[in-house]
**Q** 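Got a structure for you, questions after.
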Amino acid sequence: MRKSQAIVTLAACFVGVLGALQVDRLTHRTTEPALTANAPYAANLFHTVANTNDIASPTDFRVAAKKVMPSVVSVDRYQRVSRSFFDDEGTVAETGTGSGVIISDKGIIVTNNHVVQGAVEVKVRLPDKRSFTAKVIGTDPISDLAVLKIEAENLQPIELADNIQVDVGEWVLAVGNPLGFDNTVSVGVVSSLKRDLPVGNGGLVNAIQTDAAINPGNSGGALCDAQGHLIGINSAIASSTGQSVGIGFAIPVDRVKTVVGEILKYGYARYAGIPVTFPRDADNALKDPEVQQYVAQQTESQNVPSAGLIVSRSSGAASQAGIKPLDIILAIDDKTVDTNLDWNRVLLSKKPGDEVTVKYWSHGETKTTKLALVEMRSQ
């Protein structure tokens with residue numbers, strides 16, 4: 001596996017404000033199966049089409065662009081901000097702009113969670129210049145997706161690819177509102193698949209990588225194939241400058257359909273998990289000698305592992321299985337877990353009720369236990 005260093009930037013929900021994170025192992029790949037949508041529910045919601053990978057891609061993208069552009073909107077986030085030291089209540093002001101994609105003529109729009117995170121009000125601007133206040137139906141920080149709803153007529157929903165099988169080298173279009181320029185189209189190819197990135201709350205897993213230009217403001221916009229079918233939601237870029245350098249990432253459409261379907265049905269996205277929590281800075285914490293010394297003192301043990309996730313709290317099935325605070329989880333189903341991204345990568349394809357084998361260290365001993373995963377909400 002090749003290692004490289006890059007700055008991964010959440011693909012900027014607004015012009016002039018950009019967060020960046022350092023990434024290790026940007027080229028890591030995983031072979032986990034893709035998630036599938038809640039078929040009965042999703043079938044009634046999404047405008048899906050058969051896979052068209054066997055169709056030769058055109059060199060002229062005018063038809064695809066014309067098909068996609070009416071379905072991509074601008075999403076403006078408003079938050080309460082203080083204008084001065086004496087402004088206790090603050091003023092509601094626009095603090096960010098991203099993109100969104102209309103997926104239903106009933107006004108359902110999907111965007112990134114980080115585009116609307118912390119908003120007290122969200123407004124959607126359509127390509128025909130109409131503007132609406134949107135209701136946030138639900139958010140999923142783990143997948144970095146959010147679902148909005150507007151009360152509007154004459155909407156043109158995008159067509160979502162069905163059972164997508166994206167290939168490296170396939171032509172794609174990125175459509176969004178980069179740098180404040182509404183309904184901008186950029187063209188490139190799929191440059192890699194199944195990328196895992198340590199961004200956001202749970203990491204971006206199995207992402208589609210593209211060299212189509214993605215810039216601040218593209219977050220939540222559409223990544224489409226050459227026939228104008230949605231294959232992903234643009235979410236992040238790798239850059240040392242904060243602007244596009246030809247490495248962008250999108251959440252695969254299969255994951256989008258699963259998460260959106262569950263949010264619309266339950267109000268939240270469901271995950272299978274183990275009821276434990278970790279310290280805020282849990283990733284690779286055991287590489288710090290001071291952390292190792294603290295765990296050794298608290299557990300009166302000398303052989304503290306140098307890798308794993310330290311448990312800060314345990315409940316339910318985990319507690320019943322013997323996992324306690326200051327225990328260190330080493331692996332799940334023989335897959336090593338050193339970071340939250342590792343944790344989510346292992347559990348993402350699981351369902352509540354599935355049984356897993358957990359290897360963990362506890363007060364000087366390495367133990368193994370089996371437990372059934374429980375339903376957990378994204379947070």
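FYI, the numbering just counts along the sequence from 1.
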**Q** Is the closest side-chain donor-acceptor distance between Gln79 and Thr95 under 3.5 Å?
**A**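 Their side chains do contain a donor-acceptor pair, which is all the 3.5 Å distance test asks for.
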**Q** Give a yes or no on whether a salt bridge exists between Lys350 and Asp333, defined as a side-chain N under 4.0 angstrom from a carboxylate O.
**A**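 Looking at Lys350 and Asp333, the cut-off is met.
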**Q** On a heavy-atom basis, which atom in Ala272 and which in Pro352 lie closest, and how many Å separate them?
**A**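 Of all heavy-atom pairs spanning Ala272 and Pro352, the closest is CB-N, 3.4 Å.
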**Q** Taking all atoms of both residues into account, what is the closest heavy-atom pair of Pro178 and Asn215, and its distance?
**A**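 Closest pair (atom of Pro178, atom of Asn215, distance): CB-CB, 3.8 Å.
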**Q** Under the 3.5 angstrom rule, does the side chain of Ser301 hit a backbone N or O of Thr299 as a donor-acceptor pair?
**A**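 Checking the backbone N and O of Thr299 against the side chain of Ser301, a donor-acceptor pair under 3.5 Å is found.
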**Q** Are side-chain N/O atoms of Asn183 and Asn177 paired as donor and acceptor at under 3.5 Å?
**A**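 Short answer, no.
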**Q** Hey, what's the ring geometry for Trp361 with His363, parallel, tilted or perpendicular (30° and 60° as the breaks)?
**A**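 Parallel.
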**Q** Using the six-membered ring of Tyr78, assess whether NZ or CZ of Lys123 lies under 6.0 Å from its centre and within 45 degrees of the ring axis.
**A**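 Yes - Lys123 lies over the ring of Tyr78, closer than 6.0 Å to its centre and within 45° of its axis.
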**Q** Taking all non-hydrogen atoms of both residues, which atom of Val101 and which atom of Gly220 are closest, and how far apart?
**A**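 Shortest heavy-atom contact: CG2-O, 3.6 Å.
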**Q** Can you see which heavy atom on Phe61 is nearest to which on Val187, and at what distance?
**A**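 For Phe61 and Val187, the tightest heavy-atom pair comes out as CE1-CG1, 3.6 Å.
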**Q** For a quick test of reading the model, state the closest non-hydrogen atom pair linking Val346 to Val337 and the distance between them.
**A**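 Minimum heavy-atom contact is CG2-CG1, 4.2 Å.
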**Q** Side-chain donor-acceptor pair under 3.5 Å between Tyr271 and Asp140, yes or no?
**A**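 Looking only at side-chain atoms, Asp140 and Tyr271 do form a donor-acceptor pair, the distance falling under 3.5 Å.
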**Q** What is the minimum heavy-atom distance between Asn154 and Arg130, and which atoms define it?
**A**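 Here Asn154 and Arg130 meet closest at O-NH2, 3.6 Å.
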**Q** Would you mind checking if Asp342 and Lys335 are paired as a salt bridge, meaning a charged N to carboxylate O distance below 4.0 Å?
**A**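 Here Lys335 does not pair with Asp342 in a salt bridge, since their nearest N and O are not under 4.0 Å apart.
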**Q** In terms of side-chain heavy atoms, does Asp327 have a donor or acceptor partner in Ser362 at a distance below 3.5 Å?
**A**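 There is such a pair between these side chains.
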**Q** Is the shortest distance from a Lys or Arg side-chain nitrogen in Glu375 or Arg377 to a carboxylate oxygen in the other one below 4.0 Å?
**A**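 Looking at Glu375 and Arg377, the cut-off is not met.
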**Q** Are a donor atom and an acceptor atom from the side chains of Ser312 and Thr277 found within less than 3.5 Å of each other?
**A**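 The answer is yes; a qualifying pair exists.
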**Q** Inspect the contact between Glu151 and Lys135 and indicate whether a charged nitrogen and a carboxylate oxygen are less than 4.0 angstrom apart.
**A**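 The answer is no: the pair does not qualify as a salt bridge.
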**Q** Distance only, no hydrogens: is a donor on one side chain within 3.5 Å (strictly under) of an acceptor on the other, for Asp211 and Ser191?
**A**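 Checked: Asp211/Ser191 side chains show no N/O donor-acceptor pair below 3.5 Å.
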**Q** How long is the gap from CD1 on Ile231 to CD1 on Ile251, to the nearest 0.5 Å?
**A**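 It is 13.0 Å, given to the nearest 0.5 Å.
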